[in-house]
Amino acid sequence: MTVRVRYAPSPTGSPHVGNIRDALFKHLLAKHHKGVNILRIEDTDRTRYIEGAERDIMESLHWMGIQWTEGPDVGGPHGPYRQSERKEAGIYAHWINVLLERGLAYKAFDTSQELEEMREYQQINKQPVGYFGGVWRDATPEAVEKAEKEGKPFVIRQRIPRNETVVIHDFIRGRIEWDTNTVDDPVLIKADGMPTYHFAAMVDDHLMEITHIIRGEEWISSAPKHALLFDAFGWERPVFVHCPVIKGKDGKKLSKRHGDTRCLDYRAAGYMPEALANFIALIGWSPGEDREILSMDELAEAFDLGGLQPSPGVFDIDKLRWMNGNYIRALSPEALTATVKQYLTVPDIEEYFTRIPEGADAPIDAAMPAAVALMREAFEKTPELAATALLLEQPRVTTLSEFATACMFFFQEEPPFDEKAVEKWFGQPHVGPMIEHFQKWSSGLQAATLEDCEKAVRDYAEANSFDKMGPVVHPIRVALTGKTVGPGLFELMSALGPQVMAKRFQRALGRIAKANV
RNA sequence: GGCCCGGUGGUCUAGCGGUUAGGACGCCUCCCUUUCACGGAGGAAAUCGCGGGUUCGAGUCCCGUCCGGGCUACCA
């Protein structure tokens with residue numbers, strides 16, 4: 001039997017990472033077993049529908065490298081793949097009638113006010129809250145007919161059997177059982193004629209021959225209803241797999257309050273999809289060995305439902321950063337350039353960094369858009385310099401966006417001086433003559449290889465009896481970059497080239513003079 | 001309130017009756033070194049939520065308890 005799974009989001013917003021993690025698990029399982037992953041859009045709630053959500057869903061999936069072989073965009077033998085379209089096709093109407101005829105579902109004409117009063121009463125009397133029959137579960141055919149004739153709006157509810165025990169076998173947790181007297185009668189068809197999740201998802205899962213229902217653990221509570229619905233139809237139940245949720249640092253389910261939750265925000269922030277996938281796959285799942293860096297192929301190869309964990313995990317952004325840096329460092333020079341250039345085309349970088357997160361009083365990084373713009377410009381005007389700069393910063397960067405800020409000094413006409421750096425080095429007496437020497441040296445040059453630069457600096461140190469390189473290297477670095485941190489000095493000098501060096505040394509001379517007043 | 005799920009260092013996790021409880025992130029120290037990183041070597045950090053059992057032996061099995069979480073919509 002081939003494994004068939006489905007990712008079935010509802011278009012109520014842009015998918016967040018917890019949701020995408022579940023989608024990733026499905027993709028991995030399907031890939032591992034050479035099965036089929038389906039994308040199905042669950043748009044049965046028109047009041048919550050958000051324009052553009054479906055596009056975001058597919059974009060998130062594409063970016064992450066999650067594939068599906070049946071879906072609204074690619075079609076397939078079990079279409080349509082949007083529940084609103086399936087409703088139009090009469091699929092749910094057909095199956096609800098089967099239930100109605102068998103007496104396994106019934107029409108309920110309660111008004112929302114009546115339902116509210118019922119819940120209030122149950123609450124006060126400390127009874128289980130829910131619809132356990134009301135007046136309609138066992139209403140006479142005459143009463144139902146009368147209500148229908150009067151044109152009263154109604155919903156169709158599932159008739160949950162009473163005084164029984166329902167057992168489901170969750171793949172991760174094993175046997176879970178409920179007394180059916182604690183399971184209320186869920187609405188299957190709403191008053192507007194649309195099916196609810198409880199009905200549509202199960203009918204579709206059966207019709208689409210889904211073998212494993214993989215979803216978040218928040219669905220465990222309604223699992224008995226779903227299992228009972230399969231039973232009511234006489235359908236074989238799929239395997240239930242309830243994945244643990246991903247929590248924020250405070251232990252609560254991941255939400256906007258925890259900063260980035262939107263999958264595509266990680267793209268804008270400069271994370272590589274391979275790293276994000278690798279990272280989230282390891283929350284709630286483990287290959288059972290110590291290996292932690294796994295490519296998508298390796299994940300699929302190793303993926304196994306048995307590695308799923310029952311307990312929720314916390315999203316640790318620091319570990320993601322570490323992992324992302326790892327992926328960046330693994331990039332070949334060619335791939336590095338291609339990856340960063342690709343990143344520079346991400347449409348919402350500006351929007352992302354200037355956004356003020358919920359609860360914060362400042363944008364994420366207001367300076368980033370300018371740095372990114374400079375990087376784009378550099379790739380156009382001086383592509384070789386840009387590529388070299390990337391290479392030199394590769395070991396010390398953890399996100400793609402950091403390249404922009406880290407490489408800025410390469411491209412700026414006059415990189416600003418870090419005041420602390422100036423204070424520390426430019427006041428020393430040997431610095432003036434030294435920078436003057438290198439100014440002359442560089443202005444006489446046509447080109448400067450790494451070896452040329454190293455030789456020049458070492459020769460100067462030796463000629464002037466420096467026993468340590470620090471006092472020579474650091475002031476030169478500050479003169480050239482304005483900073484005390486960055487790539488190796490010789491690499492950096494050679495990348496900048498003699499013309500730029502000469503200009504910057506000249507400018508530093510002015511600054512040194514001021515520092516010594 | 002009712003029903004259900006969960007509980008190994010701060011975090012992600014390995015463990016599936018017998019281990020000095022392993023790895024990773026983060027943190028600290030040292031090495032490499034012209035800085036920052038990267039890389040390498042160490043270190044601190046878990047009475048396995050707690051209490052009872054079962055057993056020669058329990059993180060691993062059972063019961064209770066506490067804490068955390070989810071559901072309790074004509075939302076998914």
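So that the names make sense, note that chain A is the first sequence line, chain B the second, and so on, each numbered from 1.
- B:C38 and B:G49 have their C1' atoms separated by 40 Å, given to the nearest Å.
- B:C38: no Watson-Crick or G-U partner with both key distances under 3.5 Å is found in any strand.
- Here, B:G6 and B:C62 have their P atoms 11 Å apart, quoted to the whole Å.
- Using modelled atom types and a 3.5 Å distance limit, the side chains of A:Asn324 and A:Thr398 yield no donor-acceptor pair.
- Taking only distance into account, the side chain of A:Arg396 meets the base of B:C36 through a donor-acceptor pair shorter than 3.5 Å.
- Residue A:Arg329 is classed as a sugar-phosphate contact, given heavy-atom separations below 4.0 Å to backbone atoms only.
- Comparing atom distances between the A:Pro395 side chain and each of B:G6, B:C38, B:A76 picks out B:C38 as nearest.
- In this structure, NZ in A:Lys424 is found 6.5 Å from NE2 in A:His474, a value given to the nearest 0.5 Å.
- On the P atoms, B:G43 is 16 Å away from B:A21, given to the nearest whole Å.
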Review point. Just by protein heavy atoms under 4.0 Å, how would nucleotides 68-74 of chain B read 5' to 3' in B, S and -?
Key: -SBSSSB
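- Using a 4.0 Å cut-off between charged side-chain N and carboxylate O, A:Arg458 and A:Glu454 make a salt bridge.
- Remark: A:Arg137 is not positioned above the aromatic ring of A:Phe132, lacking an NZ or CZ atom under 6.0 angstrom from the ring centre and at most 45 degrees off the axis.
- Side-chain atoms of A:Tyr197 and A:Asp45 form no donor-acceptor pair, as typed in the model, at a separation below 3.5 Å.
- Residue A:Gln309 places its side chain closer to B:A14 than to any other of B:A14, B:A76, B:U11.
- Using P as the reference atom, B:A58 and B:C50 are 15 Å apart when rounded to the nearest Å.
- Contacts of A:Thr484 with the nucleic acid, taken as non-hydrogen atoms under 4.0 Å apart, include base atoms.
- Among the protein residues, A:Thr44 comes within range of the sugar-phosphate backbone only, with heavy atoms under 4.0 Å from sugar or phosphate atoms but none that close to a base.
- Distance check, rounded to the nearest 0.5 Å: CE of A:Met408 to OG1 of A:Thr481 gives 12.0 Å.
- A:Arg162 has a carboxylate O that lies under 4.0 Å from a charged side-chain N of A:Asp185, or vice versa, which qualifies the two as a salt bridge.
- If you check B:U13, B:U35, B:G6 against the side chain of A:Ile283, the one that comes closest is B:U13.
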**Study point:** Where protein sits on nucleotides 22-33 of chain B, one letter per nucleotide: B base, S sugar-phosphate only, - none, heavy atoms under 4.0 Å
**Key:** BBBB--------
